[in-house]
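What follows is one structure encoded as structure tokens, with my remarks underneath.
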Amino acid sequence: MRKKRKGSEADASAELPGVAARTLDLQSSNLRCHYSLEDYSRLKKRCKEHVVAEPSRSYKNRFVGIATAPPCGTSSSVSAGRGLKRKIGCIDQATQMGRKKKIEDDYVQGNTIGQGKFGSVWLCRSRTSCVEFACKTLRKGEETVHREVEIMQHLSGHPGIVTLQAVYEEPECFHLVMELCSAGRLIDWMSKEGPFSEHRAANILKEVMLVIKYCHDMGVVHRDIKPENILLTTSGQIKLADFGLAMRFSMGQSLSGLAGSPAYVAPEVLSGNYSEKVDIWSSGVLLHALLMGFLPFQGDSLENVFEAIKSVELDFHAGLWKSVSSPARDLIGKMLTRDVSARISADEVLRHPWILFYTDRTLKTVSIKSRAKNNGGTTSLQAPTPFLRIRSPVNLIENDSTNEKITQLSSAHSIQSCKSEEPDECGFIDALAVAVSHVRISEPKRSRICSPTGPIEQQHSSNLRSNTLCKAF
Ligand SMILES: Nc1ncnc2c1ncn2[C@@H]1O[C@H](COP(=O)(O)OP(=O)(O)OP(=O)(O)O)[C@@H](O)[C@H]1O
């Protein structure tokens, strides 16, 4: 019997976790609780079975739904193995090399570097080039393995997406050889150094949104955007990883299926009818966490967290928000609006004045100049110093010396955390944002290729570390 992976129907025979009885470890943090959407999915299923006693098919329709939607021009009714083989057929020449060979023929196995729910990720080195890669080994039978591979292949080539190098098949498992992101996960940097300055947060969000925009333009919704799935290379490049929950969609298509990670899940996912805008909501949660150091929607049980997601209004005028510029607040508000039609798109996020202010060279130059004038010639607003190297031509930090600095990412001290913004920067940004908002930006061309079928410890870290609320279901 095939196993169901996250985003799929929960196993009816699995023991119902004591969801209602579980308590938060409030001492650790408001978000270090022990719930997962898998628990929720199981609970809902159990409830439905007990109360309504409907045939399992109707439940399946409700919760699995689009999770098994086929990729472009294919049927979802293929078995995982056959599906993957066929997908390998459309993977680049370079990735076909593993079809007959064993992975050991081409790669030397190294240490385990990550553990997922359905397999491990380990270091490997190419015997021919000596280049190191990450290898994700997935046990066969996973329903969505072929879809994850196919989507990675579909998206491969974008600098913000982990490149799939090769795929090897064995009787029991698949090995996905991927580009190595050895500087770790964004969540770890957030835990170590967060909350981040607006400057740094804007540069991170921009990189993330560029990838999400690309995914959406390519007809893929990720459905599990969270800092645990954002990896960093030694050159500081951000890479979106873990497409285990990703799926194809076509513009205007209504999606269903309970999928995501509790703390990041959009309210409409809980109602069972959603679109690619769920990635924007999750990114809004990410932005909140980047700036504030904690997650926006919390509760002492999984269902309370969902209740918060559905009903809590964020008060942008209280407490810590006072130290955040109004354009930043405006952007978070537009990303975390429950009215999906009012929620901005990835492209609109990228054109938001707050993002432009911190990431656009022209605007930055203007702002520095005007600032210098006011300050008797000193440029108080510094060039971007996020830990990631911004590839955009509009960025000011792309030079050899910066790259050199960033290659020392293994040392926390090599990264400037950029926490010391000017005290009056918020007001300055507010004023600038008004000017920026008058800049007309032309609509970009869409390039879809396929149109298919609570407060935390020390104001940062602990409640952002991986916990069950942040685990995909
Ligand atoms: N390309 C990579 N380079 C470096 N480390 C990686 C890479 N891909 C994955 N990892 C590490 O392995 C971990 C698990 O990977 P991934 O999230 O893809 O697996 P998963 O089975 O989908 O996990 P989960 O069950 O948490 O969703 C990551 O959190 C990361 O630490």
Do you know the tightest heavy-atom contact between [X] and [Y]?
X	Y	answer
Ile103	Cys135	CD1-SG, 3.6 Å
Leu231	Cys181	CB-CB, 3.6 Å
Ala246	Val220	CB-CG1, 4.0 Å
His352	Pro327	CE1-O, 3.1 Å
Ala263	Leu295	CB-CD1, 3.7 Å
Leu164	Ser156	N-OG, 3.6 Å

Pair Gln253-Ser250, side-chain hydrogen bond (donor to acceptor under 3.5 Å, both in side chains): steps then yes or no: CA-CA 5 Å; Gln253 183 183 349; Ser250 54; 3.3 Å; yes
Heavy-atom count check: over 12 atoms from other residues, nucleotides or ligands less than 6.0 Å from Glu172 CD? no
Give a yes or no on this: more than 12 heavy atoms of other residues, nucleotides or ligands lie within 6.0 Å of atom CG of Asn111. no
Below 4.5 Å, heavy atoms only, C-beta onward: do [X] and [Y] meet side chain to side chain?
X	Y	answer
Val340	Ser275	yes
Trp354	Asp330	no
Ile309	Arg338	no
Leu232	Lys239	no
Glu169	His175	no
Cys215	Ile161	yes
Tyr274	Ser254	no
Ile230	Ile187	no

Pairs involving residues 264-282, ordered by first then second residue, that meet salt bridge (Lys or Arg N to Asp or Glu O under 4.0 Å) (sequence neighbours left out): Glu268-Arg343
Side-chain donor/acceptor of [X] to backbone N/O of [Y], under 3.5 Å:
X	Y	result
Thr337	Gly333	no
Arg125	Val108	no
His288	Phe294	yes
Tyr264	Val285	no
Trp189	Ala183	yes
Ser126	Ser129	yes
Tyr214	Leu155	yes
Glu348	Ser345	yes
Asn203	Arg200	no
Trp281	Val265	yes

Report the C-alpha separation of His154 and Met218 in whole Å, then their side-chain angles, then the decisive distance to 0.1 Å, and conclude whether the side chain to side chain contact (heavy atoms under 4.5 Å, CB included) test is met. CA-CA 8 Å; His154 179 59; Met218 294 288 281; 3.8 Å; yes
Partners meeting side-chain hydrogen bond (donor to acceptor under 3.5 Å, both in side chains) with [X] (sequence neighbours left out):
X	answer
Asp188	Arg185
Gln109	none
Thr163	Glu179

Any donor-acceptor pair under 3.5 Å linking the side-chain atoms of [Y] with those of [X]?
X	Y	answer
Ser325	Glu198	yes
Asn229	His222	no
Ser256	Asn273	no

Quick one: do Arg223 and Val269 satisfy side chain to side chain contact (heavy atoms under 4.5 Å, CB included)? Show the steps, please. CA-CA 10 Å; Arg223 299 201 300 180; Val269 172; over 6 Å; no
Measuring from atom [atom1] of [X] to atom [atom2] of [Y], what distance do you get when rounded to the nearest 0.5 angstrom?
X	Y	atom1	atom2	value
Ile212	Glu207	CD1	CD	11.5 Å
Glu228	Leu186	CD	CG	9.0 Å
Ile204	Met209	CD1	CE	14.0 Å
Ile280	Leu286	CD1	CG	11.5 Å
Leu336	Leu287	CG	CG	8.0 Å
Ile332	Leu291	CD1	CG	5.0 Å

Tell me every residue that passes salt bridge (Lys or Arg N to Asp or Glu O under 4.0 Å) with Glu104, counting only those two or more places apart in sequence or in another chain. none
Qualifying residues under salt bridge (Lys or Arg N to Asp or Glu O under 4.0 Å), relative to Arg127, sequence neighbours excluded: none
Which is it for Asp224 and Ser261 under the side-chain hydrogen bond (donor to acceptor under 3.5 Å, both in side chains) test, yes or no, and what are the steps along the way? CA-CA 6 Å; Asp224 200 16; Ser261 297; 2.6 Å; yes
Candidate pair Glu132 and Cys124, rule side chain to side chain contact (heavy atoms under 4.5 Å, CB included), full reasoning: CA-CA 6 Å; Glu132 288 189 322; Cys124 62; over 6 Å; no
Take Glu150 and Arg248 through the test salt bridge (Lys or Arg N to Asp or Glu O under 4.0 Å) and record every step on the way to the result. CA-CA 10 Å; Glu150 189 273 335; Arg248 296 291 192 96; 2.5 Å; yes
Evaluate the criterion side chain to side chain contact (heavy atoms under 4.5 Å, CB included) for residue pair Leu205 and Met335; output intermediate values, then yes/no. CA-CA 12 Å; Leu205 186 71; Met335 296 174 82; 4.3 Å; yes
Quick one: sort the His216 and Phe249 rings into parallel, tilted or perpendicular, breaks at 30° and 60°. perpendicular
Working note: Lys226 + Asp242, criterion salt bridge (Lys or Arg N to Asp or Glu O under 4.0 Å); need CA distance, chi angles, decisive distance, verdict. CA-CA 10 Å; Lys226 57 181 180 181; Asp242 195 357; 5.9 Å; no
Are Phe133 and Trp122 an aromatic pair by the rule of ring centers under 6.0 Å? no
